[in-house]
Amino acid sequence: MKVSSIVAFSGLFLLPPAAALVPLKFINDCVNFATGFANENTEVLSSTYVLKGTVIPLPDSCTLAVTARANFCRVKLKVTTSSSSQVITEAWLPTDWKNKGKRMVMNGNSGWGGCILFEDLAWASGLGFAAIGHDTGHVGPVATGFSNPEVWKDWVYRSVLVATKAGKAATNHFYNTPLNKSYFIGCSTGGRQALKLAQDSPDEYDGILAAAPAAYWPNIEVSEAIYAQAVGTEGSPTYLNQAQWEAVDAATMAQCDGIDGVLDGILENPAQCDFHPELMLCGPGQTWLLNGCLTLAQVQTVKKLYAPIYGNHGRYIYPGIVPGAIPSQGMFLKYGPFVGGGPKDFLRYVVFNDPSYDLVSQFNLDTADLMLDNDWSGAHSNKSDLSGLQASGNKLLMYHGLADVAIPPEASYRYYNSVSLNMTLPPSGLDSFFRFFPISSLGHCAGGKGAGYVGGPSQVQLYPGAADSVPAGNSALMSLVKWVEQNEAPETLRGYKVGLLGETLGQKDHCKYPLKMTYKGSGNPNNRGSWKCVKID
Ligand SMILES: *[C@@H]1O[C@H](CO)[C@@H](O)[C@H](O)[C@H]1NC(C)=O
Ligand SMILES: *[C@@H]1O[C@H](CO)[C@@H](O)[C@H](O)[C@H]1NC(C)=O
Ligand SMILES: *[C@@H]1O[C@H](CO)[C@@H](O)[C@H](O)[C@H]1NC(C)=O
């Protein structure tokens, strides 16, 4: 019996046409989801079926609303993790699942978490995955709850583990058949969650996609604290405004755009760009308004931000900002909620448990040592031994935008190379379980002027229309699926340059590290045929 019968019985004449395709059994199973469902410390809060095309309002999240891309059963669970903490988990279980590979995907979080990435759940459930998401153990993109160490533990690792268990149990229970393959995808904090799974729980997922991972978490916080002090607040002599950062970007491009053989506003290998902001220094009598130049204090700010960060006794802490990083995201980093938020919150609620701690006046390099030398429940997420993952046969695909200002891509090169060194395996030896793709022009998770839409986590909401216009088959997610299920390992990752309406303006097949994206010397740079992957000597 189909739902059209319900329409007839109940007089609900306003259901959209898609409703006619939802079998009654699916709706019954959904409404009665809680019957017979058992998972440790888990309570079913609600289960409702949602029709494709429905605009779902999301009052308690960081997203206003999202449009359903499948007919699905929406299950909301509460998993208790201690006497004072819990994780809210959602499972979006599409009707069309059994003939779509019986896959489950866990969607990671961003920043301080507290928000389920509903756009990603909608996207993945539209591709036939049972899509799971969770709130990392607290509500909203805020850190105040971390003064409770249980809430901090949830954010660092526990929420992912309990949500994984609950999500798998929900999937198996609902479809009354075991899921076949499970995947984890996440960017930024989600990328850190991904690496942590690969490091500590390598058996949990068949495939893991780590995008722009925030590994070396305390190091990131230290670097941002140092940046916050270096840049200062609006009006201080060291401060640059948005237009000035854009001028820095333009000067970077003027100096370095040609290194890769084509003037397209994109640096294929920013590491080759030794940018000299001194060239922007004002001469006598010159000013920003009249001459577009920078003061000595501002040039010094730029130099500080592009240089690697060292602490006491020359201790290496973190790479500098990458030349060509997207200026708008840079401004966000300097005084927006992230930096204002990131290290300030970490120092206030985790390190000192003192909500009045003032980063600008109190932070110093001894504080940096304190931040780096403590384990913080495992927040570093930088273990370089992936032999557990190798032994499991599971796969880790990592990518990182080369114009990412929030997390410099060099951090991911360093992580990849640290695994290589720890396991004494050259890239050819890592290839069977760990592959890394640098993505030129891509900002932090999304954004940038090149072929940065790769069909990965935290992308669909920032490229409106791309989920419809770009075929999903070559997405980072489906490339991982092909690797896991058909043993077709990705040699390149297809990126799309996407216009404001979701239209495709160009493509690039991004090379696997350590191969280098190389211009063939002629041809439209927006055409993927104009590029090849070349071994670096
Ligand atoms: C992880 O980072 C911490 C802090 O920088 C460092 O002490 C530790 O050696 C790192 N571990 C690995 C495996 O790189
Ligand atoms: C690799 O990492 C493991 C676990 O942290 C450590 O015990 C081992 O010494 C490391 N091996 C090398 C060669 O660095
Ligand atoms: C699970 O996936 C593998 C790989 O695609 C496939 O060979 C197998 O038939 C699937 N099993 C089930 C029960 O669907």
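Keep in mind that what you see is a predicted model, and the values were worked out from it rather than measured. All ligand and atom numbering here is 1-based and tracks the order in the structure.
Ligand-side atoms of ligand 3 in range of Asn180: 1 (C), 2 (O), 3 (C), 8 (C), 10 (C), 11 (N), 12 (C), 14 (O), range being under 4.0 angstrom from any heavy atom.
With sequence neighbours left out, the side-chain hydrogen bond (donor to acceptor under 3.5 Å, both in side chains) criterion links Gln300 to no other residue.
Residue pairs meeting the ring pair (Phe, Tyr, Trp, His ring centres under 6.0 Å) criterion with at least one member in residues 362-390, sequence neighbours excluded, are Phe346-Trp376. Listed by first and then second residue, the disulfide bond (SG atoms under 2.5 Å apart) pairs that reach into residues 385-414 come to none, sequence neighbours excluded.
Residue Leu359 comes nearest to Ala225 through the heavy atom pair CD2-O, 3.8 Å, listed as atom of the first residue, atom of the second, then distance.
Using a 4.5 Å cut-off on side-chain heavy atoms (C-beta onward), Phe184 and Val160 make contact.
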Atom pairs, nitrogen or oxygen, ligand 1 to protein, under 3.5 angstrom:
unit_1, atom_1, unit_2, atom_2, d
ligand 1, 2 (O), Asn382, ND2, 2.3
ligand 1, 5 (O), Asn219, ND2, 3.3
ligand 1, 11 (N), Asn382, ND2, 3.0

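A distance of 4.5 Å separates CD in Gln272 from NZ in Lys516, rounded to the nearest 0.5 Å.
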